[in-house]
> 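Can you read through this structure? Questions will come right after.
So that the names make sense, note that chain A is the first sequence line, chain B the second, and so on, each numbered from 1.
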There are 2 protein chains.
Amino acid sequence: MSTSTDMKGQPVDKAMLDSMLRHRLFYTPSFEIYGGVSGLYDYGPPGCALQANIIDLWRKHFILEEDMLEVDCTVLTPHDVLKTSGHVDKFADWMCKDPKNGDILRADHFVEDVLETRLRGDKEARGLAIEEKEETDAKKKKKKTKGQQAVKLDDDVVKEYESILAQIDNYNGEQLGELIKKYDLRNPATNLQPTPPVAFNLMFQTSIGPSSNLPGYMRPETAQGQFLNFHKLLESNYGRMPFASASIGKSYRNEISPRAGLLRVREFLMAEIEHFVDPEGHKKHHRFNEVADIELTLLDRETQLSGQTTVRKVPIGKAVQDGLVDNETLGYFLARIHLFLKKLGIDQSKLRFRQHMANEMAHYATDCWDAELLTSAGWVECVGCADRSAYDLSVHAKKTGASLVVKERLEEPKVIEEWVVDTDKKVLGLTFKKDAKAVESALAASTQEQREKLAKELEESGKAVLEVAGVADGKVEFGKDLAKIEIRKRTVHHREYTPNVIEPSFGIGRILYSLIEHVYWTRGSDGGDEARNVLSFPPAVAPTKVLVVPISAKDVFKPFLQQLLQKLRAAGIPSRVDHSNTSIGKRYARNDELGTPFGITVDFQTVKDGSITLRERDSTRQVRADTDKIVATIQSLINDSKTWQDVEAELPKFEGQEL
Amino acid sequence: MSTSTDMKGQPVDKAMLDSMLRHRLFYTPSFEIYGGVSGLYDYGPPGCALQANIIDLWRKHFILEEDMLEVDCTVLTPHDVLKTSGHVDKFADWMCKDPKNGDILRADHFVEDVLETRLRGDKEARGLAIEEKEETDAKKKKKKTKGQQAVKLDDDVVKEYESILAQIDNYNGEQLGELIKKYDLRNPATNLQPTPPVAFNLMFQTSIGPSSNLPGYMRPETAQGQFLNFHKLLESNYGRMPFASASIGKSYRNEISPRAGLLRVREFLMAEIEHFVDPEGHKKHHRFNEVADIELTLLDRETQLSGQTTVRKVPIGKAVQDGLVDNETLGYFLARIHLFLKKLGIDQSKLRFRQHMANEMAHYATDCWDAELLTSAGWVECVGCADRSAYDLSVHAKKTGASLVVKERLEEPKVIEEWVVDTDKKVLGLTFKKDAKAVESALAASTQEQREKLAKELEESGKAVLEVAGVADGKVEFGKDLAKIEIRKRTVHHREYTPNVIEPSFGIGRILYSLIEHVYWTRGSDGGDEARNVLSFPPAVAPTKVLVVPISAKDVFKPFLQQLLQKLRAAGIPSRVDHSNTSIGKRYARNDELGTPFGITVDFQTVKDGSITLRERDSTRQVRADTDKIVATIQSLINDSKTWQDVEAELPKFEGQEL
């Protein structure tokens, strides 16, 4: 696992960061006074505002920029929908149980943890660990002494372990079970091997309606609602293709072992795009040229399968050209995701796009890349970008008989040849009686290949055998009197196709947490003060934009404050006033922890000449000007039309006190 | 039931409106290709945008205006929390079953429906119905002939029925059962009396975690998460009172019989405020004077109990003064709700505040008023505003032992007298052995009243009896040797209290639907055209602000269009272009249905002099000016700094064609 650093390149002090986030109420364990429920977190005021700003930026960057059709579908989903989509059967993780204490373990995490512990022990035995990682803090030392003892491994074993870890997401339950046996992996709590992995479905189940006869689930993704509305959305887009729908909403996964914090939770906010595209024409994208030169950091499938995690930087244009990324539309969205994360303030050196391995991909996907962000918990999947092919639309159409296709007028009519079945209804009724309808449907639903085969059989033996589910033993025999099957020419004016779907899917909570780690740093102690925490959010993302600090609570400042607040509100700049009695420095320090980018001090000079000071969070430098100028300046800083350097060049510096 | 009208005073053509809303994809039944699930609806693009704008306005009007602390808590809630809050035992509706066909009926709606049908039959028999209500449309006539035959009732019976209907929300299950028997109310489908009402809990149940041992529910309201975080929120507000938290999120109620449409659904968006206030000092509000003169339309408890539904208009200041509304804080929020609904575009003549009757109030409330909006389905509760007293904080504190109180430093220390218990631990241990701890806790938890009683018993007989759950038969006897109970003086420097909670709670979907009915009207046919639907949303609320219509798809317009769109985007004005080949009039008509307030035409004159036309939706009048002027004008119209009249006075009229 790579080590993560804070914004200034220092190791992240996770304990200090966590305590600050809890104290400032960014988020907090839900139901804590009831002992809490693992995997459930509430957002407090700054977390809520941060989340809203991320969503706002997302909506502008994706939905508005590309005229996407936003929908808001229900979380409650009936069983049949998720049965068809494959989630009832396949949306599961592998779960083991400790035979003695009943611990429930997620199999892949268990394998990963035990192997990582052994590798750490090996490094320690070789005397490498401390030199390599500068593991100086008390916590990590403790971890080492608590875990397996320092045992040196054979060089070959180290390589084997590293190779397993590089492709840990590629194993199924059986394979994970084999790894547990082969390497004798034991639960540290009992020193016993856990039971073989079994599938555990991750959906929360419930029952809809008063008679309890409609089983349902809380959706595990927002995508299905978008697929089911495909035809209505296509109509509301006046039939034009390609187009995208988008949705922002909660989804639910009953994780086997949620992590502490926001990285693996059971209820989370997702933002998902379903871009519907014609599968013919290589899934070109008309704006691909705008992004072709953008360089992405890629970790492809082959590299992982060879047991490596080496990334390479490739312009997305070249990656698509070389076939590394499957098509332009997929590549376009990878680049757009990159730009979005950059805008948010994500550290580009802690972002990589990792391609899924074959076994790892969701049951529907044909190619998939995850945007992963490096945090103190390692590389975390924050955005998935999958080509779901025509899978979902096809299975839902097949199950319901609904038309989830695009019908496109051909510029020139086309003559096609096709196998046609003419059924004699009279003979059908006399021969099959109550089963007549089933046989007729089976004939009508037969594919071109099946028809060709049936026609050949009829031709050769005068009889043909058709599979009909639920009739006799599943097969019925019929002759030429019942159905004529022949190839005919037909002029078609339309082309019908099921669109493919490219799906960028964002886990907002994971992005939010990773962002916090990326913009976190500690200001060195000046003049004997304690080190101070800072969150350097870009102004557009910061929960509050401006902290207003009156130098004292005296009445003389009140009219200035009121006027200032009104001007900030009119300019649409969210601000807060800190009236408390603590020193100005302390008040600013508190707001550095909240990531508030700007501070305004109202002081005695203000009373004299109406001027106020503006402080920038990261540099703590200040300028001074009249209210209107300061408000306009803040607006330019938030909408990125000016930098702090520009402001310092324009407005007089203020050096009253270092804050 | 009152009849509702559209914006121009015409009866609402519900069928036409519904078809338009579905066609334009404001909302649509969820999972329709799977046959749908009653009570679940998806929002399409215009519905989504409308919802987002309502939420945006709500956030500005309430959260930002009053510095509320926004939180986002989980929907998944463990059983214990909702057991304590009373929801597991009491959050239920009364349900009956038809003994023959198994129909499940919500008891109060069943009683209401049958009595209303009988009253309609009576009116018809008296020859009143048609004159009174102008029931000319085919649908209503059908309803009458399908239902009970026209039977005249005694005048006394009519009065009885009307009185029951006026207080229908005041009956419990037993009383509803009595009404069914007394008036022989039968299910029209089978002509049988349904079974007696039983309670049906409205929460969706699920199970959290892989071992299925943590039962949970999907929250029925956002409030509980806010209460459980009370102490953290108070701290993050630096201990200052009063303050409010607020939350916007989905809640779930497993309705027995959901209505078609958005008015009674099983999954819905709520916006809730929990305003925490000191119960002493009559719950004054420091901004009450700002709203005291606002006149509200009130329907109080007494009027309803007397079988009437007559409203009266009262300034909220007077209503509080007269004790009609319990306190200033409750009154303040009623007025703020009124102002919010007005801003949204709600028709003031279709808004009333109805006070809850005693039996109707939620189990926690001490006073409650609903903002009801008149729609074609009658008066619909859209906002509840309840005084929940200290109920929730008290029960959660009692159950968990957490401190959910405010500790306030007294300006002057106070000497108080209180009953104190001194327990002799040695005697306690010897007497009660393993139960000692339980007895000690019971003594420590005893109230002042209980202590006074115990002291008196000890004084009189040397012995006292204490209730201790789970010990012996629930009662233990002890003597003076075990505990000394006496009254003592103590100087206190702090005051501790459990805040009361005023809760304004908004059903966003109901408000959204009612608003649509209130701004809906049909433009008269001009020149033989069909009547056209219009939704006159205020500009700030409209899903899209501007429709841009190029007069043709010719290349010559493209540079103008691009420039215009970029200027609109820079000004933050959401717009859409309609490139289709239909006439400009048809394109505008389509957008009148979406409620788009402004239209811009780019025509051949634009190519010559750069001028464009601006059309106003309701008047269909147009002005013409250059792009910058038009964009600035739209901005002023959206932020309400100009009216269309102002614009017509300033810019040259354009009369090219009536659109």
> Tell me, side chain or backbone of A:V81 under 4.5 Å from chain B's heavy atoms, or both, or neither?
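Backbone plus side chain of A:V81, per the 4.5 Å heavy-atom cut-off to chain B.
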
> When heavy-atom pairs shorter than 4.5 Å are enumerated against chain B, which of A:H23, A:M218, A:M68 gives the highest number?
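Counting heavy-atom pairs under 4.5 Å, the top option is A:M218.
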
> Under a 4.5 Å cutoff for heavy-atom pairs, which residue among A:D93, A:V265, A:N229, A:L202 has the most contacts with chain B?
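Top count of heavy-atom pairs under 4.5 Å with chain B: A:N229.
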
> Would you say B:D578 and B:N591 are linked by a side-chain donor-acceptor pair, where the criterion is simply a distance under 3.5 Å?
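No, B:D578 and B:N591 have no side-chain donor paired with an acceptor closer than 3.5 Å.
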
> Under 4.5 Å from any heavy atom of chain B, what part of A:K399 do you find: side chain, backbone, both or neither?
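It is the side chain, since no backbone atom gets that close.
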
> Do you know the tightest heavy-atom contact between B:P194 and B:L105?
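In terms of heavy atoms, the two residues are closest at CB-CD1, 4.0 Å.
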
> Chain B heavy atoms under 4.5 Å from A:R240: which part of the residue, side chain, backbone, both or neither?
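No part of it gets close to chain B.
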
> Quick one: of B:Q51, B:Q205, B:K232, who has the most non-hydrogen atom pairs under 4.5 Å with chain A?
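Looking at each option in turn, the highest pair count goes to B:K232.
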
> Which distance, rounded to the nearest 0.5 Å, do you find between the CD1 of B:I248 and the CD1 of B:I55?
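So the gap between those two atoms works out to 4.5 Å.
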
> Roughly how far, to the nearest 0.5 Å, is the CG atom of A:L214 from the OG1 atom of A:T206?
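If I round to the nearest 0.5 Å, the distance is 10.0 Å.
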
> Is it the side chain or the backbone of A:R22 that comes within 4.5 Å of chain B heavy atoms, both, or neither?
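No part of A:R22 comes within 4.5 Å of chain B.
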
> Can you see whether A:S30 engages A:D42 through a side-chain donor-acceptor pair at a distance of less than 3.5 angstrom?
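The answer is yes; a qualifying pair exists.
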
> Do the side chain of A:N237 and the main chain of A:G239 share a donor and acceptor less than 3.5 angstrom apart?
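Side chain of A:N237 to backbone of A:G239, a donor-acceptor pair under 3.5 Å: no, none is there.
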
> Taking everything shown except A:N101 itself, do over 12 heavy atoms lie less than 6.0 Å from its CG?
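Yes, enclosed.
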
> Against chain B, label A:R253 side chain, backbone, both or neither, depending on which of its atoms sit under 4.5 Å from a heavy atom there.
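The answer is neither part of A:R253.
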
> Decide whether B:T28 and B:Y43 meet the rule of one side-chain donor and one side-chain acceptor closer than 3.5 Å.
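There is no such pair (donor and acceptor under 3.5 Å, judged by atom type) between the side chains of B:T28 and B:Y43.
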
> Can you find a side-chain donor-acceptor pair between B:R590 and A:Y238 that sits under 3.5 Å?
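Yes, side-chain donor-acceptor contact under 3.5 Å.
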
> Under a 4.5 Å cutoff for heavy-atom pairs, which residue among A:I33, A:V71, A:V37 has the most contacts with chain B?
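Of A:I33, A:V71, A:V37, A:I33 has the most heavy-atom pairs under 4.5 Å with chain B.
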
> Under 4.5 Å from any heavy atom of chain A, what part of B:L25 do you find: side chain, backbone, both or neither?
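For B:L25, the contact with chain A is made by the side chain alone.
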
> Measuring heavy-atom distances to chain A, does B:E65 have an atom under 4.5 Å in its side chain, in its backbone, in both, or in neither?
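Answer is side chain: those atoms of B:E65 sit under 4.5 Å from chain A.
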
> Using distance alone, with no hydrogens and no angle criterion, decide if A:Q224 and A:H396 have a side-chain donor and acceptor under 3.5 Å apart.
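Short answer, yes.
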
> Does any heavy atom of chain B fall under 4.5 Å from the side chain of A:T77, the backbone, both, or neither of them?
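Both parts, backbone and side chain.
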
> Relative to chain B, which segment of A:T74 carries a heavy atom at a distance below 4.5 Å: side chain, backbone, both, or neither?
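Backbone plus side chain of A:T74, per the 4.5 Å heavy-atom cut-off to chain B.
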
> At their closest point, which heavy atom of B:G39 faces which heavy atom of B:P258, and how far apart are they?
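Shortest heavy-atom contact: CA-CB, 3.5 Å.
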
> Heavy-atom distance under 4.5 Å to chain B: side chain of A:E70, backbone, both or neither?
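For A:E70, heavy atoms of backbone and side chain both lie under 4.5 Å from chain B.
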
> Just by modelled atom types, is the B:S575 backbone N or O under 3.5 Å from a matching donor or acceptor in the B:T544 side chain?
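Answer holds: no.
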
> Please classify the contact of A:Y252 with chain B as side chain, backbone, both or neither, using a heavy-atom distance under 4.5 Å.
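Side chain only.
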
> Give me the atom names and distance for the closest heavy-atom approach of A:S247 to A:D72.
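What the structure gives for the nearest pair is OG-CA, 4.4 Å.
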
> Answer with side chain, backbone, both or neither: which region of A:E235 has an atom nearer than 4.5 Å to a non-hydrogen atom of chain B?
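Contact with chain B: none, neither part.
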
> Against chain A, work out which of B:L40, B:T84, B:L76 has the most heavy-atom pairs shorter than 4.5 Å and name it.
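With the most close heavy-atom pairs to chain A, the winner is B:L76.
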
> With chain A as the partner, which of B:D67, B:L69, B:L269, B:V75 has the greatest number of non-hydrogen pairs under 4.5 Å?
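Top option by heavy-atom pairs under 4.5 Å: B:V75.
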
> Which of the residues B:P78, B:S236, B:G44 is involved in the greatest number of heavy-atom pairs with chain A at under 4.5 angstrom?
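Top option by heavy-atom pairs under 4.5 Å: B:P78.
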
> Chain A: which of B:K60, B:R576, B:R569, B:M95 shares the most heavy-atom pairs with it under 4.5 Å?
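Sorted descending by pairs with chain A, the first entry is B:R576.
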
> When heavy-atom pairs shorter than 4.5 Å are enumerated against chain B, which of A:N639, A:L404, A:L233, A:L64 gives the highest number?
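Looking at each of A:N639, A:L404, A:L233, A:L64 in turn, A:L233 comes out on top.
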
> I need the residue from A:E255, A:R24, A:E32 with the largest number of non-hydrogen atom pairs under 4.5 Å to chain B.
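Highest number of heavy-atom pairs under 4.5 Å: A:E32.
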
> Which of the residues B:C48, B:S257, B:G47, B:S245 is involved in the greatest number of heavy-atom pairs with chain A at under 4.5 angstrom?
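Maximum pair count with chain A is reached by B:C48.
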
> Taking side chain as everything from C-beta outward and backbone as N, CA, C, O, which of these in A:I104 sits under 4.5 Å from a heavy atom of chain B? Side chain, backbone, both or neither.
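For A:I104, side-chain heavy atoms alone lie under 4.5 Å from chain B.
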
> Shortest non-hydrogen contact from B:F200 to A:P210?
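Shortest heavy-atom separation between B:F200 and A:P210 comes out as CZ-CA, 3.4 Å.
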
> Which atom names give the shortest non-hydrogen contact between A:M203 and A:P220, and what distance separates them?
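Looking at all heavy atoms of both residues, the shortest contact is SD-CG, 3.7 Å.
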
> Under a 4.5 Å heavy-atom cut-off, does chain B meet the side chain of A:K250, its backbone, both or neither?
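Contact with chain B is through the side chain of A:K250 alone.
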
> Between A:D80 and chain B, with a heavy-atom cut-off of 4.5 Å, which part of the residue counts as in contact: side chain, backbone, both or neither?
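Both backbone and side chain.
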
> Pick one of side chain, backbone, both or neither for A:V577, based on which atoms fall under 4.5 Å of a heavy atom in chain B.
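Neither the backbone nor the side chain of A:V577 comes within 4.5 Å of chain B.
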
> For the residue pair B:F230 and B:F243, does the interplanar ring angle fall in the parallel (under 30°), tilted (30 to 60°) or perpendicular (over 60°) class?
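Because their plane-to-plane angle is under 30°, the rings of B:F230 and B:F243 count as parallel.
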
